[in-house]
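Shown next, in structure tokens, is the structure this report addresses.
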Amino acid sequence: MLRTKTCGELRRAHEDETVKLCGWVNSYREQGKELVFVDLRDRYGKTQVVFRTDDSAEIDARARKLRREDVIQVEGVVRYRGDDLVNPKLETGEIEIRVSALTVFSKSKTPPFELEGGELPNEELRLKHRFFDLRRSTLQENIRLRHDLSQAVREYFNTRDFLEIETPILGRSTPEGARDYLVPSRVHHGAFYALPQSPQIYKQLLMVSGFDRYYQIARCFRDEDLRADRQPEFTQIDVEMTFVERDDVLDMIDGLVTSVIKKVKGIELEGSLPRYTYADVMERFGSDKPDMRFGMELIDIGDVGAVSDFGVFKAVVEGGGRVRGINAKGASEKYSRRLLDKDLKDFVGEYGAKGLAYMKVAGGKLESTIAKFFSEDQQAEIIKRMDGEDGDLLLFVADKPAVTSAALAALRNRLGKELELYDPETFCPLWVVDFPLLTWNEDEKRFDAEHHPFCEPNKEDVELLESDPGKVRADSYDLVINGYEAASGSVRIHDSQVQQKIFDLLNINEEEAESRFGFLLEGLRYGAPPHAGVALGLDRWVMLLAGDDNIRDVVAFPKTQRASDLLSGAPARVDDHQLKDLRIEIEGLDEDDE
RNA sequence: GGGGCCGUAGCUCAAUUGGUUAGAGUACCGGACUGUCGAUCCGGGGGUUGAGGGUUCAAGUCCCUUCGGCCUCGCCA
């Protein structure tokens with residue numbers, strides 16, 4: 001046995017035991033000719049080991065050659081350090097190991113950066129040495145948290161009659177949705193598999209097969225541009241249930257969310273998560289994934305703007321736009337004029353807003369370069385509607401309705417964070433329901449599925465499918481936490497005729513539908529039960545539970561924004577004979593185009 | 001595809017208006033130290049300023065091109 005204990009578990013109660021420990025040299029301190037201290041580290045903690053010339057000059061000499069990150073084994077006796085020598089910063093600080101034998105398993109090159117203390121090096125370097133970065137305690141804890149979450153999820157579903165079923169990774173490319181990652185077939189020349197964007201169709205077919213409660217912790221792939229919270233491959237907790245309605249799924253996931261948050265974070269949430277309609281959150285927060293840890297709702301003052309003397313507001317309202325604003329309570333002195341006129345204006349500009357109007361509330365009136373365009377009554381009405389008090393900063397965007405939503409929602413998130421309007425440790429989950437089924441695609445002059453093409457229309461709106469498809473609500477739902485989409489799902493269509501009708505609206509003709517989705521449509525023709533499901537983004541959940549805002553910190557081997565793996569060098573060129581097997585030729589490559 | 005920030009010693013950063021031999025902390029190497037624990041003290045080595053080109057008497061600094069990382073809009077059923 002190479003070790004009898006770990007570096008995190010020894011206490012005074014183990015005094016006088018002989019133990020073997022293995023680990024990495026975290027730090028070393030030579031103290032004169034007689035003494036060497038080494039802090040030995042493994043996944044479980046750190047333990048101080050002490051070498052003395054008295055005990056063995058030979059071991060002491062070798063100990064003096066130890067350097068950071070060398071991997072060693074020590075054998076020795078657990079000693080209480082003495083009342084004045086306890087180190088309260090270490091869990092094992094009461095004791096140390098008096099070493100009687102040392103084995104050096106492996107020497108380390110000088111580490112690429114320092115694991116603790118000081119600032120983190122740039123992420124490029126960390127990713128190149130990911131195996132090393134992963135030794136840092138924060139990343140170790142994140143990976144541990146990820147494991148805990150996966151296990152809690154499995155336990156929850158396993159005790160409720162769900163079966164974990166794997167679905168293919170090599171599948172078929174389907175139209176719409178994200179860009180597929182493709183895998184060429186060697187056997188079928190010119191044909192390609194697609195990696196799954198999600199196991200959607202397979203899980204629906206499993207419902208048709210009678211596996212009425214399914215889940216899977218499934219890897220998914222989408223070849224789209226990345227963000228701080230998006231990786232090209234990511235993990236979904238995929239769930240599907242048969243003979244259920246929307247609320248059955250929501251209740252089941254409420255239970256999952258409250259139980260896993262309790263289990264991995266020890267936080268008690270209300271048993272039933274609040275449910276809002278899409279129309280409601282879009283109006284009040286301008287976003288379908290509002291951060292509900294703070295208020296600052298969007299308020300419409302378009303009617304006041306329309307009758308004021310402020311030309312910008314008037315013109316926007318007359319042109320069918322909206323004037324909406326938010327109230328940054330007590331922030332009138334926190335943003336300089338330069339910040340407001342430049343930084344915040346540019347910030348909302350990223351979302352298409354042409355300007356940002358602001359007014360400060362002081363002495364019951366509005367203070368602003370544009371205040372003169374508003375009568376006393378109009379000012380009073382704005383203050384009242386915005387719930388304004390002296391010291392408040394009111395910010396307005398006048399633009400196309402969608403632009404006011406996007407710009408103010410982003411501004412609200414930014415101000416909420418900058419003004420510290422919430423406790424970053426809290427979790428505020430909510431369901432958003434009744435999404436639109438379809439959204440009009442102006443470029444292609446047709447409807448797109450808002451969620452995906454297998455989503456059941458809300459029964460109350462079925463008539464509208466013919467008359468006004470854009471108004472049809474879907475029987476779909478998103479779970480939102482702290483401003484992130486944390487899960488998404490819907491009741492599925494189980495009638496092949498309804499499914500065909502939706503394909504028609506999406507401008508997918510019968511022939512194309514048969515060719516691309518035929519295997520689903522055919523399944524629906526052989527006795528398909530009502531079913532519904534949801535998928536939770538595991539990576540985002542771990543990120544949120546870790547209090548992080550970077551998804552790479554919760555993935556063991558993540559990819560960069562350009563989807564490369566700096567550790568392995570993927571993606572990379574392949575040998576010509578591999579391409580020849582696949583009958584693939586690469587066009588337009590320069591010699592130096594690596 | 002668009003916008004923004006960044007790249008100087010192993011690492012984190014500094015370097016006046018374009019001007020002396022590109023510095024500091026830390027890491028690394030050597031030495032001192034009998035209870036250290038972010039050890040301390042003394043000494044030392046270490047630079048293709050991401051790469052390429054240009055302007056200039058002179059470029060880390062200015063210009064062009066390019067590579068890479070991060071944030072973001074579009075995109076992500």
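In what follows, chains carry the letters A, B, and so on, assigned in the order in which the sequence lines appear, proteins first and then strands, with residues in each chain numbered from 1. The basis for the numbers below is simple: all heavy atoms, side chains too, and nothing from hydrogens, waters or symmetry mates.
Taking the P atoms as reference points, U21(B) lies 22 Å from G25(B), given to the whole Å. Comparing the same atom, P, in C63(B) and in G23(B) gives a spacing of 25 Å after rounding to whole Å. Taking atom C1' in both U61(B) and U8(B), the straight-line distance is 11 Å, to the nearest Å. For the P atoms, the distance from G3(B) to A39(B) is 47 Å, rounded to whole Å. Nucleotides C5(B) and C62(B), compared at atom P, are 13 Å apart to the nearest Å. If you take atom C1' in C64(B) and the same atom in A24(B), they sit 34 Å apart, rounded to whole Å. C41(B) and C6(B) have their C1' atoms separated by 38 Å, with the value rounded to a whole Å. Here, U20(B) and U40(B) have their C1' atoms 36 Å apart, quoted to the whole Å.
When each of C37(B), G74(B), C70(B) is scored by its nearest atom to the side-chain atoms of Leu85(A), the top-ranked nucleotide is C37(B). Distance from the side chain of Glu224(A) is smallest to C76(B) among A32(B), C73(B), C76(B). Residue Arg222(A) places its side chain closer to C76(B) than to any other of C76(B), C70(B), G74(B).
For the pair Arg230(A) and Asn550(A), both in contact range of RNA chain B, the more 5′-proximal nearest nucleotide belongs to Asn550(A).
Rounded to whole angstrom, the span from the NZ atom of Lys342(A) across to the P atom of G4(B) amounts to 10 Å. The CG-P distance, from Asp229(A) to C76(B), rounds to 15 Å in whole Å. The separation between Lys559(A) atom NZ and G69(B) atom P is 13 Å, rounded to whole Å. The CZ-C1' distance, from Arg126(A) to G68(B), rounds to 16 Å in whole Å. One can place CG of Asp133(A) at 15 Å from C1' of G10(B), the figure rounded to the nearest angstrom. Rounding to whole angstrom units, CZ of residue Arg562(A) and C1' of C70(B) are separated by 13 Å. The CD-P distance, from Glu350(A) to C5(B), rounds to 12 Å in whole Å. As rounded to whole Å, 12 Å separates atom C1' of G68(B) from atom CD of Gln561(A).
Residue Thr110(A) places no side-chain N or O under 4.0 Å from the OP1 or OP2 atom of G10(B). For the pair Lys33(A) and C33(B), the criterion of a side-chain N or O lying under 4.0 Å from OP1 or OP2 is met. The side chain of Arg227(A) places no N or O atom within less than 4.0 Å of a non-bridging phosphate oxygen (OP1 or OP2) of G74(B). Close to C29(B), at under 4.0 Å from its OP1 or OP2, lies a side-chain N or O of Arg67(A). Proximity of Lys89(A) to the phosphate of G38(B): a side-chain N or O atom is located under 4.0 Å from OP1 or OP2.
In this structure, Phe435(A) and Tyr278(A) have tilted ring planes: the angle between them lies in the 30° to 60° band. Between Phe131(A) and His129(A), the two ring planes are perpendicular [angle over 60°; tilted spans 30° to 60°].
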Hey, what are the protein-to-nucleotides 11-15 of chain B N/O distances that come in under 3.5 Å?
from   : atom 1 : to        : atom 2 : distance (Å)
U12(B) : OP1    : Asn122(A) : N      : 2.8

Table of protein N/O atoms under 3.5 Å from nucleotides 39-43 of chain B N/O atoms:
from   : atom 1 : to       : atom 2 : distance (Å)
A39(B) : N6     : Glu30(A) : O      : 3.0

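The partner of G68(B) is C6(B), judged by Watson-Crick or G-U wobble contacts that both fall below 3.5 Å. Shown here, G74(B) forms no base pair; nothing in the strands shown gives a Watson-Crick or G-U wobble contact with both key distances under 3.5 Å. Within the shown strands, C11(B) is the pairing partner of G25(B) under the Watson-Crick or G-U definition, both distances less than 3.5 Å.
What you find for Pro453(A) and Gln499(A) is that their closest heavy atoms are O-NE2, 2.8 Å.
Put simply, the side chain of Asp225(A) and the base of C75(B) share no donor and acceptor less than 3.5 Å apart. For Arg552(A) against G69(B), a side-chain-to-base donor-acceptor contact under 3.5 Å is absent. Residue-to-nucleotide contacts include no donor-acceptor pair under 3.5 Å from the side chain of Asp346(A) to the base of G4(B). Not a single donor-acceptor contact under 3.5 angstrom links the side-chain atoms of Glu124(A) to the base of G50(B).
At a threshold of 4.0 Å, the pair Glu94(A)-Arg11(A) does not count as salt-bridged, since none of the basic side-chain nitrogens sits closer than that to a carboxylate oxygen. Of the charged side-chain nitrogens involved, none lies within less than 4.0 Å of a carboxylate oxygen, so that Asp39(A) and Lys46(A) do not count as a salt-bridged pair. Between Glu224(A) and Arg230(A), none of the side-chain N atoms (NZ, or NE/NH1/NH2) sits under 4.0 Å from a carboxylate O, so this pair counts as no salt bridge. Between Asp238(A) and Lys203(A) there is a salt bridge, since at least one side-chain N of the basic residue sits less than 4.0 Å from a carboxylate O of the acidic one. Looking at Lys471(A) and Asp461(A), no side-chain N of the basic residue comes within less than 4.0 Å of a carboxylate O on the acidic one, giving no salt bridge. Here Arg246(A) does not pair with Glu456(A) in a salt bridge; the nearest charged N to carboxylate O distance is not below 4.0 Å.
Nucleic acid contact class of Gln231(A) (heavy atoms, under 4.0 Å, all strands): none. At the heavy-atom level, Gln200(A) lies under 4.0 Å from base atoms of the strands shown. Nucleic acid contact for Phe454(A): none, since no nucleic acid atom lies under 4.0 Å from a heavy atom of the residue. Looking at heavy-atom distances under 4.0 Å, Thr174(A) makes no contact with the nucleic acid at all.
Surrounding OH of Tyr193(A) are at most 12 heavy atoms belonging to other residues, nucleotides or ligands under 6.0 Å away. Taking a 6.0 Å sphere around CZ of Arg64(A), one finds it holds more than 12 heavy atoms contributed by other residues, nucleotides or ligands.
Within the model, atoms CH2 of Trp541(A) and CG of Leu544(A) stand 7.5 Å from one another, a figure rounded to the nearest 0.5 Å.
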Run the ring-ring contact (aromatic ring centres under 6.0 Å, His included) check on Phe37(A) and Phe51(A) step by step: do they pass?
-> CA-CA 6 Å; Phe37(A) 298 99; Phe51(A) 301 86; 9.4 Å; no

